[in-house]
2 protein chains.
Amino acid sequence: MTKTPIQLNLRAARAKAGLSLSKTAELTGVSKAMLGQIERGESSPTLATLWKLAKGFHLPLTALIEDLAQTPETASPAQNHVVALQGSIRFRTVFAFDPILGAESFLLTLEAGQSHVSQPHDTGVIEDVFVVSGEMELLRNEKWHRLQTGDAMRFHADQSHGYRNLSDGTAQFYNTIHYPKTGVFTRPS
Amino acid sequence: MTKTPIQLNLRAARAKAGLSLSKTAELTGVSKAMLGQIERGESSPTLATLWKLAKGFHLPLTALIEDLAQTPETASPAQNHVVALQGSIRFRTVFAFDPILGAESFLLTLEAGQSHVSQPHDTGVIEDVFVVSGEMELLRNEKWHRLQTGDAMRFHADQSHGYRNLSDGTAQFYNTIHYPKTGVFTRPS
DNA sequence: AAAGCTTGTGCGCTATAACGCACAACGCTT
DNA sequence: AAGCGTTGTGCGTTATAGCGCACAAGCTTT
């Protein structure tokens, strides 16, 4: 008999707090009988009841209803996954997209004179740019912003944006893309 | 009359898909009358009904029940927020903790000979290390791992871990800490 | 103007969530 | 062994989720 996340999570929260059904009922305001029904999968709680549980245990709702799997540990050596983009811009995947964290990270290299304009991502996508070395510019809201080594910017990537390097040297930036809950299933390549 | 997240999110999902209550009922298997009740806040849907909605709209559950606020855009110049830690290690907050993304990012500087051992974070905390420059070592599972410029590692930070620089030069790394849903309320300073 | 279609709301009925309470089973104390 | 307290389950009752259907209102077509 497969158990649902709410069954497993409620039992785990209760065990972690070392509470019986009776004590949990006092803590959350949900009856002892209903708690037992939820844990045994005999009843599907309403959102109002879920809120009582979350509030009583001081947990966000997602901690009760979602399947909390584990993000694996990863080593990413410097020589990993270097690819070319559009015949010129180089990028390397530092951390591949992780569905639990909802994010992925790249190291991008802009040689002197190179530029790149990105298609807007889906609604709610947030992008971080941290300049590792060199000098570059970031296009946001039709305006170029100059960034130097150590500068960083966070912006809404669901709008048109781009990168360029007008300096004489090479620029590199560490680029993290955060996908919202609503958008993870439509992640572009 | 304040509306709950489920009211706003269901109406937004329907509007985005351009569907009437009738079409949405066909798509999700939840009756037209119930959809109206949910949107007007007249009924609290069960978890089973929420699943039908999420599945019909191809959305994760969280997208229906959580308050999806917006992460603000941020500029973080190189001279920002540089502080000393334990009288020796320098670090700068690049992106402060954001409750929506559940993450924060720092730039840490290890001078020659410096080391630092971190207390374990709460359960489920994930840490990313990307070496921006220099050479350093990362302590995980009682073992030191050597990292050079461009190397990166992702690891479970709820276990003892540390950093040290045994080289002759300075090392810098970009450090992102991801907090799990269940732990965001207990974030350490 | 009349007819037809779409949309959202309200109503009454059925199914089930949620509850209080009793009780079986178990463990601990006297 | 008897008594007491704790724990989880089951039952019957109440409240409400969820539904099909009718209908008012609005819009489009004839």
Side-chain angles (χ1 to χ4, degrees), chain A residues 1-68 181-182, chain B residues 1-68 181-182:
Chain A
M1 173 59 78
T2 303
K3 296 198 169 190
T4 61
I6 182 63
Q7 289 175 261
L8 297 172
N9 291 334
L10 178 54
R11 175 148 289 196
R14 197 160 67 80
K16 183 175 175 180
L19 300 174
S20 64
L21 289 176
S22 296
K23 291 297 181 185
T24 306
E26 288 172 31
L27 179 74
T28 62
V30 177
S31 73
K32 180 172 62 163
M34 186 57 190
L35 292 169
Q37 285 176 323
I38 295 170
E39 287 186 3
R40 297 190 303 278
E42 292 172 4
S43 185
S44 177
T46 61
L47 192 52
T49 298
L50 291 170
W51 268 115
K52 284 184 182 175
L53 294 177
K55 193 173 170 187
F57 280 115
H58 295 289
L59 291 173
L61 262 180
T62 49
L64 284 177
I65 64 174
E66 286 198 345
D67 198 353
L68 294 179
K181 309 294 190 308
T182 56
Chain B
M1 180 56 81
T2 302
K3 296 200 170 190
T4 61
I6 182 62
Q7 288 177 263
L8 298 171
N9 290 334
L10 177 54
R11 176 148 289 197
R14 195 160 67 81
K16 183 173 177 182
L19 299 174
S20 64
L21 289 176
S22 295
K23 291 295 182 188
T24 306
E26 288 171 32
L27 180 73
T28 61
V30 176
S31 73
K32 179 172 65 162
M34 187 58 190
L35 292 169
Q37 285 175 325
I38 295 169
E39 289 187 4
R40 296 191 303 279
E42 293 173 4
S43 185
S44 175
T46 61
L47 191 51
T49 297
L50 291 171
W51 268 115
K52 284 184 182 175
L53 295 177
K55 192 172 171 185
F57 280 114
H58 294 290
L59 292 173
L61 263 180
T62 51
L64 284 176
I65 64 173
E66 287 198 347
D67 197 354
L68 293 180
K181 310 292 191 314
T182 54

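Chain naming here is simple, since letters A, B, ... match the order of the sequence lines and numbering starts at 1 in each. Excluded from the calculations below are hydrogen atoms, water molecules and symmetry mates; all remaining heavy atoms, backbone and side chain alike, are included.
- The interatomic distance linking A:Glu26 (CD) with D:dT7 (P) rounds to 10 Å, in whole Å.
- Within residues 27-37 of chain A, the residues approaching DNA chain C are A:Gly29, A:Val30, A:Ser31, A:Ala33, A:Met34, A:Gln37, by heavy-atom distance under 4.0 Å.
- Spacing between atom CG of B:Leu47 and atom P of C:dA18 amounts to 10 Å, rounded to whole angstrom units.
- Residue B:Thr46 places no side-chain N or O under 4.0 Å from the OP1 or OP2 atom of D:dA17.
- Computed from coordinates, the B:Leu53 CG to D:dA17 P distance equals 14 Å when rounded to whole Å.
- Contact of the B:Thr4 side chain with the B:Ile65 side chain is not registered, since no non-hydrogen atoms from C-beta on lie closer than 4.5 Å.
- Residue B:Glu39 is out of contact with every strand shown, counting any heavy-atom pair closer than 4.0 Å.
- Whole-Å rounding puts the A:Lys23 NZ to D:dG8 P distance at 12 Å.
- Between B:Ile38 and B:Gln7 there is no side-chain heavy-atom pair separated by less than 4.5 Å.
- Taken to the nearest 0.5 Å, the CG atom of B:Asn9 stands 11.5 Å off from the CG atom of B:Leu61.
- Across the protein-nucleic acid pair, B:Leu10 atom CG and D:dA17 atom P stand 15 Å apart, rounded to whole Å.
- As rounded to whole Å, 10 Å separates atom P of D:dG8 from atom CZ of A:Arg40.
- Rounded to whole Å, the distance from CG on B:Leu50 to C1' on D:dG18 is 13 Å.
- Of the two residues near DNA chain C, A:Ala48 and B:Leu21, the one whose nearest nucleotide lies more 5' is B:Leu21.
- Within the nucleic acid shown, B:Thr49 comes within 4.0 Å of sugar-phosphate atoms alone, with no base atom in reach, counting heavy atoms only.
- In this structure, the CD atom of A:Glu42 is 13 Å from the C1' atom of C:dT16, given to the nearest Å.
- Note: B:Ser44 OG to B:Leu50 CG = 8.0 Å, rounded to the nearest 0.5 Å.
- Looking only at side-chain heavy atoms (C-beta outward), A:Glu66 and A:Pro5 stay at 4.5 Å or farther from each other.
- Each salt bridge (Lys or Arg N to Asp or Glu O under 4.0 Å) pair with one or both residues in residues 33-58 of chain A, not counting sequence neighbours, appears once here: A:Arg11-A:Glu39, A:Arg14-A:Glu39, A:Arg40-A:Glu42.
- When every heavy atom of A:Ser22 is checked against every heavy atom of A:Lys32, the shortest pair comes out as OG-CD, 3.2 Å.
- Contact check, A:Arg14 against D:dG8: a side-chain N or O comes under 4.0 Å of OP1 or OP2.
- Here the straight-line distance linking atom CG of B:Leu27 with atom NE2 of B:His58 works out to 7.0 Å at 0.5 Å rounding.
- Counting heavy atoms from C-beta outward, B:Leu47 and A:Thr46 have side chains that stay 4.5 Å or more apart.
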Which protein N or O atoms sit under 3.5 Å from an N or O of nucleotides 13-16 of chain D?
none

